[in-house]
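Structure, as structure tokens:
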2 protein chains.
Amino acid sequence: MENKKYSVLIIDDHPLITEAYKTAFDYYSKQNENITFSIDTVQDCDTSMDMINDIFKKKKVLDIVFLDIKLPPSKDGKIISGEDLGLKINKLLPNTKIIVSTTFNDNYRVHSIFKSLNPDGFLIKNDITPKELIETIDTIINDPPYYSKTVIRLLRKQVANDFLLDNIDRKILYELSIGTRMKDLPSILPLSIAGIEKRKRHLKHLFNIKSVDDRELLLVAKEKGFI
Amino acid sequence: MENKKYSVLIIDDHPLITEAYKTAFDYYSKQNENITFSIDTVQDCDTSMDMINDIFKKKKVLDIVFLDIKLPPSKDGKIISGEDLGLKINKLLPNTKIIVSTTFNDNYRVHSIFKSLNPDGFLIKNDITPKELIETIDTIINDPPYYSKTVIRLLRKQVANDFLLDNIDRKILYELSIGTRMKDLPSILPLSIAGIEKRKRHLKHLFNIKSVDDRELLLVAKEKGFI
DNA sequence: AAAAAAAGTAAGGACAATCCTTACTCTTTT
DNA sequence: AAAAGAGTAAGGATTGTCCTTACTTTTTTT
């Protein structure tokens, strides 16, 4: 079997986590003598952007990215999460495999990251042990994708209900659940207040909710796994 | 020098993190031959409570606890965070040294954890590398307390402003910043709506804010490090 | 390509939450 | 005893939300 060297970028603002990833790669290449890794780690959006642009310009190769979603935003405020970085990577470096790794475990976020990035790996940090990390690496290299337990569970919930709600419904529910006001929604969504109200009424009808305020709606939406 | 064995409990729901802690303890006891550790790890509130109660009942010794704040809540909903566990530990096992370790890096939370738990160590996860973790262990054993970079920076900000705002002001700002409505605040705070409004007006006056809605107030409060 | 259905917008009125003012009570300070 | 500080209570003004109706635009069906 021929030798292969993979180049890896780890984007995560927790040094203990990046260290754990590195350890896993080390271990893996010891078990598989023909495979080695060249690993870089970055801890914020600005440096990540610099590295991605550099790789693109110099036509270097990047095989694998581990991507945390919650990161300190860039100084100019343009890149506010790992999701934005992922979009950039998909655009500039389409052959790079992205493994999303996050603490978010609510359906809405996982779902929207899936749609926007379509990653080759998706890990919820609560799920993964050092051992599972090594399995992840193996799967990513030989037979992607790899999704961790919680992700698979959320995806299953999703499939059963997916025909009902679209992205905008989901976003409305999500925004309401974090306390956004109706009057502020038109600047977040491409819809008028009247349109949003119509959708809300539709959702309440769908879920069989009579109450006038939104608590019950959000409760049921959470229960059904939409947020 | 006599031998000493410390008993340690690690409470954190991320296996990669608990593993990193363990590795640090291992390393430390290899460097210090007279010191050994007996380490347990737990990943949720329920199991933690069981362990704490067991240690208390059987009058066992617990020297050091690493305590994550954001944890899956207990099934009966009574313990909703590591802070609650910390209170229990302080009460039942007053000689146990608590090292809080969390991803929260906003002033309000750090401040309120300080007041409620008065921990011997306080780590923001973004700050700590494997190397710093070993220093932490050394400091905790020989000369506590140990606070990581961000914590010290937040504490300094605090001191300069502390005379201005009390706990309730802080809590009002915090609740508003996460979207809580005025009408719901009286059930969270020991104050009437009128009283809360009065305080809000007072705060706006203090910060020199003319605008009628709360965005600017919350912005300035964040800037000044109150939330 | 016309008709029907679905989704969004606009404008109005009813209702509820927020904000502000004034007047009163209670506690602490001077 | 007076003054200052903090909270409560009740009102009215203002703003946000919800709902209805009528109209426009887009999509689907035939």
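The sequence lines fix the lettering, A, B, ..., with proteins before strands; numbering per chain opens at 1.
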Once you apply a heavy-atom cut-off of 4.0 Å, does [X] come out as touching a base, just sugar-phosphate, or nothing?
{"X": "B:Asp214", "value": "sugar-phosphate"}
{"X": "A:Arg201", "value": "base"}
{"X": "B:Ile193", "value": "nothing"}

If I take atom [atom1] in residue [X] and atom [atom2] in nucleotide [N], what distance separates them, rounded to the nearest angstrom?
{"X": "B:Leu189", "N": "D:dT8", "atom1": "CG", "atom2": "C1'", "value": "15 Å"}
{"X": "B:Met182", "N": "D:dG16", "atom1": "CE", "atom2": "P", "value": "15 Å"}
{"X": "B:Asp213", "N": "D:dT14", "atom1": "CG", "atom2": "C1'", "value": "13 Å"}
{"X": "B:Ile172", "N": "D:dG7", "atom1": "CD1", "atom2": "C1'", "value": "12 Å"}
{"X": "A:Leu191", "N": "D:dT17", "atom1": "CG", "atom2": "P", "value": "15 Å"}
{"X": "B:Ile196", "N": "D:dT8", "atom1": "CD1", "atom2": "C1'", "value": "12 Å"}

Terminal contacting nucleotides, 5' and 3', DNA chain C versus chain A (heavy atom, 4.0 Å):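 Range of nucleotides touched by chain A: C:dG8 to C:dA10.
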
May I ask you to check whether over 12 heavy atoms, not counting those of [X], lie within 6.0 Å of atom [atom1]?
{"X": "A:Lys204", "atom1": "NZ", "result": "yes"}
{"X": "B:Phe56", "atom1": "CZ", "result": "no"}
{"X": "A:Ile80", "atom1": "CD1", "result": "no"}

Minimum heavy-atom distance between B:Ile69 and B:Glu83, given as atom pair plus value: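 Looking at all heavy atoms of both residues, the shortest contact is CD1-N, 3.9 Å.
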
Residue closer to the 5' end of DNA chain D, B:Glu197 versus A:Arg181 (nearest nucleotide): B:Glu197

So, are [X] and [Y] salt-bridged, with charged N and O less than 4.0 Å apart?
{"X": "A:Arg215", "Y": "B:Asp184", "answer": "yes"}
{"X": "A:Lys125", "Y": "B:Asp13", "answer": "no"}
{"X": "B:Asp84", "Y": "B:Lys78", "answer": "no"}
{"X": "B:Lys200", "Y": "B:Asp169", "answer": "no"}

Any B:Leu92 side-chain heavy atom under 4.5 Å of B:Asn53 side chain: yes

End-to-end axis angle, where each axis spans five pairs of the helix from C:dA1-D:dT30 to C:dT30-D:dA1, to 10°: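 For the helix from C:dA1-D:dT30 to C:dT30-D:dA1, the axes at opposite ends meet at about 30°.
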
Distance test, side-chain N/O of A:Lys183 to OP1/OP2 of D:dT17, below 4.0 Å: no

Distance-only polar pair, side chains of B:Ser101 and B:Tyr21, donor-acceptor under 3.5 Å: yes

Could you write out each protein N or O paired with an N or O of nucleotides 3-6 of chain D at a distance under 3.5 Å?
none

Of B:Thr180 and A:Ala194, the one whose closest DNA chain C nucleotide lies more 5':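 Its nucleotide being nearer the 5' end, the pick is A:Ala194.
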
Side chain to side chain contact (heavy atoms under 4.5 Å, CB included) partner of A:Val65, the single match among A:Asp120, A:Thr96, A:Leu93, A:Ile99: A:Thr96

Reference residue B:Leu9; test side chain to side chain contact (heavy atoms under 4.5 Å, CB included); the match among B:Ile64, B:Leu62, B:Ile89, B:Ile98: B:Leu62

